[in-house]
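What's counted below: heavy atoms across the whole structure, side chains too, no hydrogens, waters or symmetry copies.
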Amino acid sequence: MPRTSTVESPGCPPLRALTTDSLGLIKVVEVRGKGGGTPQLVETWGPPDASRSVLATSYADSRKDPVLAVARKNGLIEFLNPLKGDVLTNIKSSESGSTDQSSYASDLLVGLHFLKSKQEYSSFMLGTLLTCTEKGKVCVRSVGRSDALLDQSIDSLSEWSVTNGGQVLCSSLDPSENYVLFGGKHVELNLWDLYTSKKIWAAKPPRPNNLGISIPTWFTASTFLCKDDHRKIVAGTSQHQVRLYDITSQRRAVISIDFRESPIKAVREDTDGHTVYVGTAIGDLASFDMRTGKMVGCYKGKCCGSIRSIAKHPDLPLIASCGLDSYLRIWDTNKRQLLSAVFLKQHLTSVVIDSHFTAQELEVTKPEGPTSKSEVRDQSDQDGNDDEETSRKSKKKRKDVASKKEKKIKMHGEEQINGIEDPAEKDWIDELPISKRKKHSKKRGEKQSD
């Protein structure tokens, strides 16, 4: 069973999160009840296999027909129902890019985005998928359901390359799903238009320092700062820097912030449009206000491993983080406090939050009366035992009352036989103990006879 640790807190509100790990497992963690509580592991999907390790995930969080896309190390992309864990369909990563069937182990997927706005609700089409590999091969294609015809499942295919050299390590899709961002080792940030498949902006490296030394290009995480504005970009580097780019202002970073001394591994934007959450390779987690370029604060509770993924709840002031220490942690963004942590055994690679999850009661209220024959029989036996016990007690009580009355009548008869007729004399005799009462009555009888 997973270990759960909590701190002093009123508890987590109703929450449902899905995590992926290095063994290809998908685990569901839930907090149920209107009053909140402690997260619990409720389901685990798939067999443990290192060759099925999850490299990237994409979650189409919709109330109707949500889809979870998972890219695995063996070159398979699975589409699952995040509510039940059923596999809707799967494709090979080699089919989503070049027709070359070479080993996909040398060109792993690093970017996976399932487009919600282009999700097609039809009998044979599942939606549109965007993928990117380490070598910069990008492909946008429509995905058919498992029972769809082959010709219908591979149309609308477009592909291009985002770099001539280097290694792509991060990619991000803007909320409007019209622009996509790429970056990596020796790959400057570049922004592409999905409709035209053309590059519309590319970043420039920082200027050399006073010694003439240039900082090598090495982006490890990126995101769009605002939900309604694709022009502001936040990126994390291997040189422990958090940078803000404004494509309408200049190609170089507008703000650059140094954070600790370890590479930035995860960056996630907030819904307010100016706050970002940053996780490092040694487990540090902090939030930054990109309007001023200052750190809002670090989160209390040290993580023991590299943070690989951060997810923000769209409605609640909560974020979830996971990484190589095998813990899923839930944080309060207002107090920057750790609410709870669940140990999930494997190295975690990503986490997503189901925003449409509502409070559910674990126990269903049972009807007052019995519903089955066995319950009726058990209840009748219990009622019979209760009646028997009651009758036994009532009989004992009646017996005690009768014995007391009989004893009192016997004593009254003895007093009359011994000649006690005077009521006044009888009163003070009755106040005596029984032994003295009989002795006094005997003496009084002898005197009367004389």
Side-chain angles (χ1 to χ4, degrees), residues 1-48 52-54 57 59 61 63 66-68 70 80-87 266 268 277 279 283 285 299-305 307-366:
M1 294 298 292
R3 298 193 296 270
T4 303
S5 60
T6 58
V7 296
E8 294 183 2
S9 171
C12 297
L15 181 72
R16 186 172 190 265
L18 291 87
T19 63
T20 60
D21 56 44
S22 58
L23 291 184
L25 301 175
I26 300 175
K27 298 183 179 181
V28 182
V29 178
E30 292 183 358
V31 180
R32 296 189 176 185
K34 294 182 179 179
T38 304
Q40 300 291 336
L41 175 65
V42 295
E43 288 185 271
T44 301
W45 301 334
R52 301 178 72 251
S53 174
V54 178
T57 58
Y59 184 42
D61 187 13
R63 188 175 296 275
V67 177
L68 175 66
V70 177
L80 302 97
N81 182 352
L83 303 179
K84 299 179 180 180
D86 302 333
V87 178
R268 180 65 60 187
Y277 306 98
L285 181 64
Y299 282 73
K300 305 172 185 177
K302 176 69 176 178
C303 300
C304 300
I307 297 176
R308 293 305 175 90
S309 179
I310 302 173
K312 174 67 174 67
H313 197 287
D315 302 322
L316 302 176
L318 295 177
I319 59 172
S321 67
C322 68
L324 300 186
D325 62 350
S326 305
Y327 275 92
L328 170 66
R329 289 178 168 86
I330 310 298
W331 308 84
D332 185 353
T333 57
N334 293 333
K335 300 180 180 179
R336 300 190 300 277
Q337 181 183 9
L338 177 65
L339 298 181
S340 187
V342 183
F343 182 71
L344 299 178
K345 298 183 179 180
Q346 284 79 28
H347 296 324
L348 303 179
T349 57
S350 65
V351 58
V352 295
I353 294 178
D354 183 2
S355 63
H356 299 290
F357 178 76
T358 57
Q360 299 178 6
E361 297 295 336
L362 294 177
E363 296 183 359
V364 180
T365 305
K366 296 183 179 180

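Residues passing the side chain to side chain contact (heavy atoms under 4.5 Å, CB included) test with A320, sequence neighbours excluded: L328, I330, V351, I353. Legend: residues meeting side chain to side chain contact (heavy atoms under 4.5 Å, CB included) with L316, ordered by chain and number and at least two apart, are P13, H313, L318. Evaluation of the side chain to side chain contact (heavy atoms under 4.5 Å, CB included) rule for P314 yields S355 as partners, not counting sequence neighbours. In this structure, the side chain to side chain contact (heavy atoms under 4.5 Å, CB included) partners of L324, at least two apart in sequence or on a different chain, are S306, R308, H347. By the salt bridge (Lys or Arg N to Asp or Glu O under 4.0 Å) test, D21 pairs with no residue at all, sequence neighbours left out. S22 is linked by a side chain to side chain donor-acceptor pair (under 3.5 Å) to nothing, counting only residues two or more places apart in sequence or in another chain. In this structure S53 satisfies the side chain to side chain donor-acceptor pair (under 3.5 Å) test with no other residue, sequence neighbours excluded. With sequence neighbours left out, R268 forms a side chain to side chain donor-acceptor pair (under 3.5 Å) with no residue at all. Applying the side chain to side chain donor-acceptor pair (under 3.5 Å) criterion to D315, with sequence neighbours excluded, gives no partner residue.
For the atom pair NZ (K312) and CD1 (I319), the distance works out to 8.5 Å, reported to the nearest 0.5 Å. With values rounded to the nearest 0.5 angstrom, C322 atom SG is found 10.5 Å from R329 atom CZ. Within the model, atoms CD of E30 and OG1 of T38 stand 14.0 Å from one another, a figure rounded to the nearest 0.5 Å. Atom OH of Y59 and atom CG of L80 lie 11.5 Å apart (nearest 0.5 Å). Once rounded to the nearest 0.5 Å, the distance linking CZ of R52 with CG of L23 reads 10.5 Å. To the nearest 0.5 Å, the span separating OG on S309 from CD1 on I307 amounts to 10.0 Å.
Contact annotation: the side chain of L348 never approaches that of Y327 to less than 4.5 Å [non-hydrogen atoms, C-beta and beyond]. Side-chain contact between W331 and Y277 is absent, with no heavy-atom pair separated by less than 4.5 Å. Annotation: side chain of W45 is not in contact with side chain of K84 (no heavy-atom distance under 4.5 Å). Contact check for L344 versus L25: no side-chain heavy atoms found under the 4.5 Å cut-off. Contact of the V31 side chain with the P39 side chain is registered, since non-hydrogen atoms from C-beta on lie closer than 4.5 Å.
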T333 and Y299: CA distance, side-chain angles, deciding distance, side-chain contact (heavy atoms from CB on, under 4.5 Å) verdict
CA-CA 9 Å; T333 57; Y299 282 73; 3.9 Å; yes
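Between T57 and T20, the side chains place no donor N or O within less than 3.5 Å of an acceptor N or O (distance only, hydrogens not considered).
Nearest heavy atom pair, residue R32 against residue F357, reads CG-CZ, 4.1 Å. Pairing each heavy atom of E43 with each of L83, the nearest pair is OE1-O, 4.4 Å.
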